[in-house]
Enquirer: 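To start, I am sharing the structure in question, which I have written as structure tokens.
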Amino acid sequence: MEFQDVRDIAIYGTDCVVDISRGSDETTRFISAKEKYFDIKADNGLLTVTQKSRNIFYRIIMRRFEFKLVLPRSFKGKLRFRNKNGGLYINDAEFSDVELSTANGKFDLCNTSCHSFSLKMSNGSVNVKNMTAAESAAVKCANGNIRFESVKAPQLTISCSNAGLTAIDITSKKFDCSTSNGTIDASAVAADETKLETSNGKINAMFIGNRNDHRLCAETTHGAITIDGVPFKNISDVSRTDKRINVKTSNGDIDVRFM
């Protein structure tokens, strides 16, 4: 199915897997071998894709329905996604605002840019690579692993529980990363203000810049603190530098390095 003049996208599913990419022309394309299981409407620039309800037979025999959405070459509209027991895969796309929500699913985003980014998830995984958010990016999840790589956003917030967090090549003014019962691995972080906090887990972090350029506070209970290979007790700098780092955990070690 093809559509013209699509400015925004809304997707509502129960167990669908969606693949979104950028096309080479100005047409929006919906592609699926199971097209009859979706209600697709285009109204006043909004393309809405809704997965139809299914009886018990189809829930057992055909557990997930897949479709591809090829966006216009110049598409820069809003994406709203509500789903469970499925997944979302985005490669090479540009949006104004992105609002994503799922349960028991998976998000895999690559080469994506937007104005703002919001994601809520439970019992799944998130993998974001090469993303730029002009304003902010916020992730809230439970019982899932998070990986952010090569991400730029003035404000980046990741809040989780029972999850491990990996952040690589992060550029931000304010980077706030917290979890519980999980490890935080952060490397190549360049931020004016950084907060890394967990419980029952260790923290490994590497920051771009010199140690003296940052106001560092590091605290743990029942664990060791190492800064650039040198052991310390809890640290609370009083320097007046503009860049601040706060690292805190319980029942875990802290290893902070500067490069």
Side-chain angles (χ1 to χ4, degrees), residues 1-114 116-131 139-147 163:
M1 299 179 67
E2 296 186 355
F3 303 89
Q4 300 291 335
D5 301 323
V6 172
R7 298 189 298 273
D8 298 302
I9 304 290
I11 301 171
Y12 304 99
T14 54
D15 46 17
C16 60
V17 177
V18 185
D19 188 333
I20 298 178
S21 62
R22 188 199 305 266
S24 59
D25 55 29
E26 297 304 317
T27 301
T28 301
R29 294 182 176 88
F30 176 92
I31 305 170
S32 177
K34 304 180 180 72
E35 182 179 310
K36 65 180 180 179
Y37 297 109
F38 295 93
D39 185 13
I40 307 144
K41 296 180 180 179
D43 183 24
N44 197 27
L46 173 63
L47 177 65
T48 304
V49 180
T50 305
Q51 185 179 356
K52 298 178 181 178
S53 60
R54 300 179 293 147
N55 59 36
I56 188 64
F57 172 78
Y58 287 110
R59 292 179 182 177
I60 295 174
I61 302 300
M62 304 177 69
R63 295 188 176 182
R64 294 185 179 180
F65 294 109
E66 301 180 3
F67 71 85
K68 293 184 178 181
L69 202 59
V70 182
L71 302 181
R73 176 178 52 198
S74 60
F75 183 87
K76 296 181 181 180
K78 181 177 181 179
L79 171 65
R80 181 169 184 166
F81 179 83
R82 299 287 185 272
N83 190 38
K84 58 183 179 180
N85 305 317
L88 174 65
Y89 300 85
I90 299 177
N91 183 34
D92 187 23
E94 185 174 356
F95 305 96
S96 57
D97 299 315
V98 177
E99 297 180 7
L100 311 178
S101 177
T102 191
N104 309 314
K106 179 180 181 180
F107 287 117
D108 196 335
L109 287 70
C110 183
N111 300 324
T112 304
S113 63
C114 59
S116 65
F117 178 87
S118 174
L119 186 154
K120 295 181 180 180
M121 183 197 68
S122 60
N123 306 317
S125 64
V126 177
N127 184 30
V128 177
K129 185 175 182 180
N130 295 330
M131 185 184 80
V139 175
K140 187 175 182 179
C141 71
N143 308 318
N145 291 324
I146 309 296
R147 181 183 176 89

Enquirer: How far does NZ of K41 sit from CG of L46, to the nearest 0.5 angstrom?
Expert: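 Between K41 NZ and L46 CG, I get 11.0 Å after rounding to 0.5 Å.
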Enquirer: Just jot down the side chain to side chain donor-acceptor pair (under 3.5 Å) partners of D97, sequence neighbours excluded, or say none.
Expert: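 With sequence neighbours excluded, D97 shows a side chain to side chain donor-acceptor pair (under 3.5 Å) to S116, given in chain and number order.
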Enquirer: Go through the structure and list residues passing ring-ring contact (aromatic ring centres under 6.0 Å, His included) with F67, not counting sequence neighbours.
Expert: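 Scan of F67 (ring-ring contact (aromatic ring centres under 6.0 Å, His included), adjacent residues dropped) gives F30, F38.
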Enquirer: Can you confirm whether the side chains of D92 and N111 place a donor and an acceptor under 3.5 Å from each other?
Expert: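 Result is no, nothing qualifies.
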Enquirer: In Å and rounded to the nearest 0.5 Å, what is the CZ to CZ distance from R80 to F95?
Expert: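 R80 CZ to F95 CZ: 15.0 Å, rounded to 0.5 Å.
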Enquirer: Indicate yes or no for a side-chain donor-acceptor contact from S21 to the backbone of V70 under 3.5 Å, with no hydrogens or angles considered.
Expert: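 No: the side chain of S21 does not pair with the backbone of V70.
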Enquirer: Using side-chain contact (heavy atoms from CB on, under 4.5 Å), reason through N44 and R7 one step at a time and then give a plain yes or no.
Expert: CA-CA 9 Å; N44 197 27; R7 298 189 298 273; 3.8 Å; yes
Enquirer: How about I90 and L79: do any of their side-chain heavy atoms sit closer than 4.5 Å?
Expert: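 A side-chain contact exists here, since the closest heavy-atom pair is under 4.5 Å.
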Enquirer: Apply salt bridge (charged side-chain N to carboxylate O under 4.0 Å, His left out) to R29 and list each qualifying residue two or more places apart in sequence or on a separate chain.
Expert: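 In terms of salt bridge (charged side-chain N to carboxylate O under 4.0 Å, His left out), with neighbours along the sequence ignored, R29 is linked to E2, D25.
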Enquirer: With sequence neighbours left out, write down each residue that passes side chain to side chain donor-acceptor pair (under 3.5 Å) with N127, or none if nothing qualifies.
Expert: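 Partners of N127 under the side chain to side chain donor-acceptor pair (under 3.5 Å) test: none.
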Enquirer: Using the test side chain to side chain donor-acceptor pair (under 3.5 Å), find all partners of T27 that sit at least two apart in sequence or belong to another chain.
Expert: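 For T27 the side chain to side chain donor-acceptor pair (under 3.5 Å) partners, ignoring immediate neighbours, are Q4.
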Enquirer: Does a side-chain heavy-atom distance below 4.5 Å link I146 with C141?
Expert: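 In short, these two side chains touch, coming nearer than 4.5 Å.
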Enquirer: Go through L119 and V128 one step at a time and tell me if the side-chain contact (heavy atoms from CB on, under 4.5 Å) criterion holds.
Expert: CA-CA 11 Å; L119 186 154; V128 177; 5.6 Å; no
Enquirer: Sequence neighbours left out, what passes side chain to side chain contact (heavy atoms under 4.5 Å, CB included) with N145? Give chain and number order.
Expert: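 Expected list: none.
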Enquirer: Could you tell me whether the side chain of I20 reaches within less than 4.5 Å of the side chain of I11, counting heavy atoms only?
Expert: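 Counting from C-beta outward, I11 and I20 do come under 4.5 Å.
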Enquirer: Got a sec, which residues hit side chain to side chain contact (heavy atoms under 4.5 Å, CB included) with Y89, two or more places apart in sequence or on another chain?
Expert: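 Only V17, K106, D108 meet the side chain to side chain contact (heavy atoms under 4.5 Å, CB included) criterion with Y89.
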Enquirer: Measure from the side-chain N and O atoms of K52 to the backbone N and O of K36, and report whether any donor-acceptor pair falls under 3.5 Å.
Expert: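 Flag set: sc K52 to bb K36 pair under 3.5 Å.
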Enquirer: Provide the full list of ring-ring contact (aromatic ring centres under 6.0 Å, His included) pairs with a residue in residues 3-28, sequence neighbours left out, each pair given once.
Expert: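 Listed by first then second residue: nothing to list.
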Enquirer: Hey, are the side chains of N83 and L88 touching, using non-hydrogen atoms and a 4.5 Å cut-off?
Expert: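 Sidechains of L88 and N83: no contact.
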Enquirer: Which atom pair, heavy atoms only, marks the closest approach of S74 to E26?
Expert: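 Nearest pair, atom of S74 first, then E26: OG-OE1, 2.5 Å.
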Enquirer: Go through the steps for L69 and L47 under the test side-chain contact (heavy atoms from CB on, under 4.5 Å), then give the verdict.
Expert: CA-CA 11 Å; L69 202 59; L47 177 65; 4.1 Å; yes
Enquirer: Considering non-hydrogen atoms only, spot the tightest contact between I40 and E35 and give its length.
Expert: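 Heavy-atom minimum between the residues: CD1-CG, 4.3 Å.
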Enquirer: Identify which one of N123, D15, T102, N104 satisfies the side chain to side chain donor-acceptor pair (under 3.5 Å) criterion when paired with N85.
Expert: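 Answer after filtering N123, D15, T102, N104: N104.
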Enquirer: Report yes if some heavy atom in the side chain of I9 is under 4.5 Å from a heavy atom in the side chain of F81; otherwise report no.
Expert: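 Not in contact.
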Enquirer: Which atoms form the tightest heavy-atom contact between C16 and G13, and what is the distance?
Expert: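 Result for this residue pair: SG-CA, 3.9 Å.
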Enquirer: Looking at residues at least two apart in the chain, or sitting in another chain, which of them share a side chain to side chain donor-acceptor pair (under 3.5 Å) with D8?
Expert: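 Expected list: none.
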Enquirer: What residues, two or more places apart in sequence or in another chain, satisfy salt bridge (charged side-chain N to carboxylate O under 4.0 Å, His left out) together with E99?
Expert: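 Scan of E99 (salt bridge (charged side-chain N to carboxylate O under 4.0 Å, His left out), adjacent residues dropped) gives K78, R82.
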Enquirer: Under the rule for side chain to side chain contact (heavy atoms under 4.5 Å, CB included), what residues qualify as partners of K68, not counting sequence neighbours?
Expert: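 Listed in chain order: D19, I31.
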Enquirer: For a quick test of reading the model, state the closest non-hydrogen atom pair linking P72 to R22 and the distance between them.
Expert: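 For P72 and R22, the tightest heavy-atom pair comes out as O-CG, 3.9 Å.
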Enquirer: At their closest point, which heavy atom of C114 faces which heavy atom of F117, and how far apart are they?
Expert: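 Minimum heavy-atom contact is SG-CB, 3.8 Å.
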Enquirer: Could you pull out all residues at least two apart from D5 that satisfy salt bridge (charged side-chain N to carboxylate O under 4.0 Å, His left out)?
Expert: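 D5: no salt bridge (charged side-chain N to carboxylate O under 4.0 Å, His left out) contacts found.
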